[in-house]
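What you see below is based on every heavy atom in this structure, not just the backbone, and it leaves out hydrogens, waters and symmetry mates.
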Amino acid sequence: MGRGRVQLKRIENKINRQVTFSKRRSGLLKKAHEISVLCDAEVALIVFSSKGKLFEYSTDSCMERILERYDRYLYSDKQLVGRDVSQSENWVLEHAKLKARVEVLEKNKRNFMGEDLDSLSLKELQSLEHQLDTAIKSIRSRKNQAMFESISALQKKDKALQDHNNSLLKKIKEREKKTGQQEGQLVQCSNSSSVLLPQYCVTSSRDGFVERVGGENGGASSLTEPNSLLPAWMLRPTTTNE
């Protein structure tokens, strides 16, 4: 009959347990040697019996070198894992801090708006009132400064417009003065170039002849026949002293 499958559980018989330990230990050492030779692997095997007796196997002549390598690898692995865990914990803490900060800011905002004041103590209400007074003073100061700046800007703009208007009025007056001088020069030129014509006073004598007085030489002109130059209705009779 073939050997049956051994059930993996603690052997209660002490002698059988000791025999099984010796056999399995030898097979384990043999397998460790085989895998190190076939696969060119570094193997370190440590076995303690139930009585505390040490059994070991290492592919290197010095077990400590393999154990140091194992410690370095384990330490670096722990560092990476610890770093990831630490970073995750930091993110969790940062999130909690930011969340608490947001809640405090929202509560302060409601308090500044006059809401949720029942939970505040007398000291907290006095502090809130002081903060509001300080904020109102700062707001009023900034408002007054903005008003002064706006008034100053308007005054500068008004002064610039007045200067512009004065400049335009000055130009208009200069243009009118120049235009008047040109018109005066034109009138003087026309008066100097005009020809003065002699003026005559036409009278009628008793003889019916027309007499021209005030001629070119200031004396009387010769008598002309009546109605020879002017119509009768333009002649006014003159009376002479007899």
Side-chain angles (χ1 to χ4, degrees), residues 1-139 142:
M1 294 178 63
R3 187 174 59 180
R5 185 174 181 180
V6 179
Q7 187 177 3
L8 292 177
K9 67 177 183 178
R10 185 176 181 273
I11 299 174
E12 298 297 334
N13 192 317
K14 184 178 181 180
I15 297 174
N16 293 337
R17 186 169 63 245
Q18 185 64 32
V19 172
T20 303
F21 175 76
S22 298
K23 291 181 179 179
R24 298 275 179 165
R25 182 198 63 200
S26 300
L28 183 60
L29 294 174
K30 182 180 179 181
K31 292 292 183 182
H33 176 68
E34 290 176 355
I35 193 172
S36 64
V37 173
L38 295 174
C39 302
D40 192 19
E42 289 186 0
V43 179
L45 177 61
I46 299 175
V47 180
F48 286 96
S49 67
S50 60
K51 294 181 180 180
K53 188 176 181 180
L54 173 63
F55 301 92
E56 62 178 344
Y57 170 82
S58 64
T59 55
D60 199 338
S61 59
C62 183
M63 174 69 77
E64 286 76 7
R65 193 181 65 82
I66 299 177
L67 293 178
E68 288 178 358
R69 183 178 179 184
Y70 171 76
D71 289 336
R72 289 194 302 269
Y73 178 81
L74 184 64
Y75 177 77
S76 61
D77 192 19
K78 286 182 178 180
Q79 284 288 95
L80 293 175
V81 175
R83 186 179 302 171
D84 294 338
V85 173
S86 178
Q87 188 174 4
S88 300
E89 291 177 353
N90 290 334
W91 283 115
V92 172
L93 292 175
E94 189 69 20
H95 177 265
K97 289 180 181 179
L98 291 176
K99 186 177 180 180
R101 181 65 175 172
V102 170
E103 291 178 356
V104 171
L105 292 175
E106 289 180 351
K107 184 176 181 297
N108 291 336
K109 180 181 177 181
R110 291 193 298 270
N111 292 335
F112 284 130
M113 296 297 294
E115 301 174 357
D116 297 341
L117 300 177
D118 297 335
S119 60
L120 299 179
S121 62
L122 179 60
K123 187 175 180 180
E124 291 175 344
L125 290 173
Q126 290 177 349
S127 176
L128 180 63
E129 183 180 9
H130 178 70
Q131 292 178 4
L132 291 174
D133 290 339
T134 304
I136 290 174
K137 290 179 181 178
S138 178
I139 292 171
R142 183 66 186 92

Worksheet entry | Value rounded to 0.5 Å, distance of OG1 in Thr20 from CD1 in Ile11 | 3.5 Å

Worksheet item: Can you check salt bridge (charged side-chain N to carboxylate O under 4.0 Å, His left out) on Arg10 and Glu12, steps first, answer last?
Response: CA-CA 6 Å; Arg10 185 176 181 273; Glu12 298 297 334; 3.4 Å; yes

Discussion item. Quick check on Leu54: does its CG atom have over 12 non-hydrogen neighbours (other residues, nucleotides or ligands) under 6.0 Å away?
Written reply: yes

Worksheet item: Is there side-chain contact between Glu103 and Lys107, with heavy atoms separated by less than 4.5 Å?
Response: no

Worksheet item: With a 4.5 Å limit on heavy-atom distance, are the side chains of Asn108 and Asn111 in contact?
Response: yes

Worksheet entry | Over all atoms of both residues, closest heavy-atom pair of Ala41 and Thr59 | O-CG2, 3.6 Å

Solution key, residues 123-138 side-chain donor-acceptor pairs under 3.5 Å, sequence neighbours excluded:
unit_1, atom_1, unit_2, atom_2, d
Glu124, OE1, Ser121, N, 3.1
Thr134, OG1, His130, O, 2.9

Sequence neighbours left out, cut at 3.5 Å: what donor-acceptor pairs do the side chains of residues 27-35 make with other protein atoms?
unit_1, atom_1, unit_2, atom_2, d
His33, ND1, Tyr57, OH, 2.9

Discussion item. Nearest 0.5 angstrom please: Asp71 CG to Glu64 CD, how far?
Written reply: 11.0 Å

Practice prompt. Start with the C-alpha gap between Val47 and Phe21, add the side-chain angles, then the distance that decides, and say whether side-chain contact (heavy atoms from CB on, under 4.5 Å) holds.
Written response: CA-CA 10 Å; Val47 180; Phe21 175 76; 3.9 Å; yes

Worksheet item: Should the heavy atoms of other residues, nucleotides or ligands under 6.0 Å from CG of Asp40 be counted, would the total exceed 12?
Response: no

Worksheet entry | Gap between atom NZ of Lys53 and atom CZ of Arg25 - 0.5 Å precision | 7.0 Å

Worksheet item: Where is the tightest heavy-atom contact between Val43 and Ile66, given as atom of each residue plus distance?
Response: O-CD1, 3.9 Å

Practice prompt. For side-chain contact (heavy atoms from CB on, under 4.5 Å), just list the numbers for Glu106 and Lys109, CA-CA rounded to whole Å, side-chain angles, deciding distance to a tenth of an Å, and then say yes or no.
Written response: CA-CA 5 Å; Glu106 289 180 351; Lys109 180 181 177 181; 5.5 Å; no

Discussion item. Check this for me: Arg17, atom CZ, are more than 12 non-hydrogen atoms of other residues, nucleotides or ligands nearer than 6.0 Å?
Written reply: yes

Practice prompt. Can you establish whether the number of heavy atoms outside Tyr70 located under 6.0 Å from its atom OH is more than 12?
Written response: no

